[in-house]
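Because only heavy atoms are used, hydrogens play no part in the values below, and waters and symmetry mates are left out as well, while side chains stay in. Numbers restart at 1 for each chain; the letters A, B, ... are given by sequence-line order, proteins then strands.
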Amino acid sequence: MYRQFQEDIRRHFLQYLKSHFGIENMPLKLETPPQVNFGEIALPVAFDLAKQLKKAPRAIAQDIAETVGSIEGVVRVSVAAAGYLNLHLDRSRFLRRVLTAPSGARPPIDPGPEKIIVEHTNINPNKAAHIGHLRNAVLGDSFVRLLRSLGRTVEVQNYIDNTGVQVADVVVGFEHIEKLSASQVEERIGGSNGRFDFYCWDLYARVSRFYDEDADRLKWRSETLHRIEHGGNDTARLADLMATAIVRAHLATMSRINVQYDLLPRESDILHLKFWDQAFTQLKDRGAIVLETAGKNKGCWVMRAEGAEKSSPANEESAHDEDKIIVRSNGTVTYVGKDIAYQLWKFGLLGKDFYYSPFHTYSDGHVLWMTRSEPASRATPPPHFGKGSAVYNVIDVRQSYLQNVVVQGLRTLGFQEAAEHSTHFDYEMVALSPRCCSDLGIELSAEDQKRPYVEVSGRKGLGVKADDLIDQLIRKSREEVAKRHPDMDVAGMNTVARQIAVGGLRYFLLKYTLHSVIAFDFDEALSFEGETGPYIQYAVVRSKNIFRKLAEEHKDFSLDDLRKKALLEDYRGFLDGPEHDEFWTLILLASQLSAVVAQAVSSREPATVAKFAFNLAQTFNNFYHKHRILPEPDAKKKEFLLVLVDIVARTLEEALNLLGIEVPERM
RNA sequence: GCGCCCGUAGCUCAGCUGGAUAGAGCGUCUGACUACGAAUCAGAAGGCCAGGUGUUCGAAUCACCUCGGGCGCACCA
């Protein structure tokens, strides 16, 4: 709504500049004045014109203010400071626009690409998920929600690397440390109370120490990896049992925090369906990779470093330092090679496709599919996967180098457009603060103690497990709920406790901007006060309590009637004048959600929406505290205040929804 | 060595395409509960925006340099 309004203003001024000054194509900035009594929209356009016109900004602004004429929705144009043009809006008219604006899904402003593929989570299926994975999933999921709110079609993929070394390592643990067969592992999965991923977390750390004790044991890793890739043996069966069980555990964890997927593409299927062979042929044919016949990379297929000089026989050694090996001298393909094939498939450029079968049905009925190597018998036909026109890979910044190689691969294959629409959605890692480490009972080396934070390491078993953290959050919020609502039934209490816990967790992970390292700290993550998810949830719950109470007292009250009536009323008397700025500010702020969402998407920064929601909640809480609404004697004012509360509550609820945060019934 | 990111209040962080008096939360200190529930609100203290140079009418924001800190740069993923 606000975005539309801004566009109208912009158009008006561009037209004016053209007719009055003969100036075209001028970038026109719209800003917000520091105080609402200065006006609602500020234009610094006079500063930009000053040089061209060789006049003082203030004089230009004065001239514009006098000659710009009437603008729809604007009551007055004033000049301030050194030359700002401030627009004062027709408040009651603006309110009407807010009330008539559709609050739900908006039509897309830009036509945009047809289908956007977002890949996120991508946890190796060999251990429990940790907080680093939670940041990935929450960022990815929130971004998907934002895209969908703009009317975009989005497909969410969660890539499962079920044939990598990490899986092989834990399989080594089963076969060589625990000495268990596939069927024994299967029993253990069944008898683990759903905590099989926790068990593997510990086993994985044990395997690392197992290797450290005797480097010869590393040969088991490569043997195991080979058998897993080859398939059709007990080791591969064990690996598959384990990986699948852990994928289910991860899905359960993510469901707890409102994260869902559409498709799980598996590396084993990429392998068995020979996606790589297809990509390899393409890469060779187009000369994107070359076979090295001499030097340290002899026998490897490499991709030349981008920007490297085409021919410099002089310094052979250093010139090839930056080349990326795609196929090893033993003929096996590296991770990047497989990733290029997968990325090609995502754009529908590989010329091959997976088979699919349903893997899981969420409680809301949504079906999650998994790739297969063979056609599934009498399967329901799958939706059309892949063939996206834009791809976002949500993966932390440490993978930047490899992500660039993948895009370079697309480019050298001649797929310019795909390369341009491949986006590495990069973000900084979650690390552990020193205090967090001591909370976990982890002893740090003297060297590590001096650092601001230490990296999470699955290999060392160093990290905060996602489910442990969620459990702790739920426990804490349940205590709080029980204190406040002792009469609530157990089921209700559990629901509310979970919603609050998830609100706290997701907001905590979203309030940091992408390039900020989160040094994880329990006190901050477990806080429900101040700038937190529950603070925002509480603001909505309070506003809803008003309507609940109202409905209890007046059986005939209906929110719909109120909304309809509001459209016919004139609330000018409660909007105009500085004494009503606090009401007006709330409406103005709430109306900006659509603009904030657009900005969050284009700058790829969900934190913007999180900050906005907090800001609005804070402004509302201030208002709430100052004004008693239900006892308000002036009937019309009471009605106006109710309309105001309704607008804010709906906006907050929508913003929270975009962040994957629910609003509890009570709290 | 090369590349990327970060440095803003005691702590943790916002600050969009340069704009008016640099903002939050936590912590500290003062105050406000007879329920539209205080998971809240009001107030106070707290800043050479790491340092320097430049561009500009105007710089926390842009450019370059320096100093701190982090992360990449494997025939691992």
Test of ring centre spacing under 6.0 Å for Tyr342(A) and Tyr159(A):
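Between Tyr159(A) and Tyr342(A), which both carry aromatic rings, the centre distance is below 6.0 Å.
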With a 6.0 Å cut-off on the ring centroids, do Tyr211(A) and Trp220(A) count as close?
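Aromatic pair excluded; centres sit 6.0 Å or further apart.
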Evaluate the side-chain proximity of [Y] to [X]: yes if any heavy-atom separation is below 4.5 Å, no if none is.
X         : Y         : result
Val302(A) : Arg304(A) : yes
Asp396(A) : Asp426(A) : no
Thr32(A)  : Glu40(A)  : no

With a 4.0 Å cutoff (strictly under), does any side-chain N or O of [X] reach OP1 or OP2 of [N]?
X         : N      : value
Tyr538(A) : C41(B) : no
Gln399(A) : C71(B) : no
Asn622(A) : A42(B) : yes
Arg484(A) : U40(B) : no

For Asn330(A) and for Pro33(A), locate the closest nucleotide of RNA chain B by heavy-atom distance; then report the residue assigned to the nucleotide nearer the 5' terminus.
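Nearer the 5' end of the strand: Pro33(A).
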Contact nearer the 5' end of RNA chain B, comparing Leu225(A) with Ser477(A):
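So the residue in question is Ser477(A).
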Pair assignment for RNA chain B - dot-bracket with | for other-strand partners, Watson-Crick or G-U under 3.5 Å:
(((((((..((((.....[...)))).(((((.......))))).....(((((..]....))))))))))))....
Parallel, tilted or perpendicular: which describes the rings of Phe614(A) and Tyr507(A), with under 30° parallel and over 60° perpendicular?
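Tilted, since the angle between the ring planes falls between 30° and 60°.
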If the plane angle is over 60° it's perpendicular, under 30° parallel, otherwise tilted; pick one for Phe623(A) and Phe620(A).
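Geometry flag for Phe620(A) against Phe623(A): tilted rings.
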Has the side chain of [X] got a donor or acceptor that lies under 3.5 Å from a partner of the other kind on the base of [N]?
X         : N      : answer
Gln35(A)  : U21(B) : yes
Thr334(A) : C75(B) : no
Asn86(A)  : A20(B) : yes

Shorter than 3.5 Å, N or O on both sides, protein versus nucleotides 7-14 of chain B: list them out with atom names.
from   : atom 1 : to        : atom 2 : distance (Å)
U12(B) : O2'    : Tyr512(A) : OH     : 3.3
U12(B) : O2'    : Glu524(A) : OE1    : 3.3
C13(B) : OP1    : Val517(A) : O      : 3.2
A14(B) : OP1    : Thr513(A) : N      : 2.8
A14(B) : OP1    : Thr513(A) : OG1    : 2.1

[X] near the nucleic acid: base, sugar-phosphate alone, or nothing, with a heavy-atom cut-off under 4.0 Å?
X         : value
His424(A) : nothing
Val165(A) : sugar-phosphate
Leu550(A) : nothing
Val481(A) : base
Tyr535(A) : sugar-phosphate
Tyr335(A) : base
Glu529(A) : sugar-phosphate
Asp169(A) : nothing

Exercise: do [X] and [Y] side chains pair donor with acceptor under 3.5 Å:
X         : Y         : result
Tyr535(A) : Asn621(A) : yes
His250(A) : Thr121(A) : no
Asn545(A) : Arg548(A) : yes

Give the nucleotide from the list [options] with an atom nearest to the side chain of [X].
X         : options                : result
Arg451(A) : C71(B), G37(B), G25(B) : C71(B)
Gln599(A) : C16(B), C71(B), A39(B) : C16(B)
Phe38(A)  : G37(B), C73(B), A20(B) : A20(B)
Asn124(A) : A74(B), C41(B), A77(B) : A77(B)
Ala42(A)  : A77(B), A39(B), A20(B) : A20(B)
Pro34(A)  : A20(B), C41(B), C75(B) : A20(B)
Met429(A) : C71(B), A35(B), U40(B) : C71(B)
Leu402(A) : C75(B), G70(B), A77(B) : A77(B)
His625(A) : C16(B), U21(B), A32(B) : A32(B)

Row check, Phe275(A) ring normal vs Lys338(A) NZ/CZ: under 6.0 Å, within 45°
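No; the conditions do not both hold, so Lys338(A) does not lie above the ring face of Phe275(A).
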Check whether NZ of the Lys or CZ of the Arg Arg217(A) lies under 6.0 Å from the centre of the six-membered ring of Phe210(A) and within 45 degrees of that ring's axis.
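Because its charged atom sits under 6.0 Å from the ring centre and within 45° of the axis, Arg217(A) does stack over Phe210(A).
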What nitrogen or oxygen pairs link the protein and nucleotides 28-31 of chain B at under 3.5 Å?
none

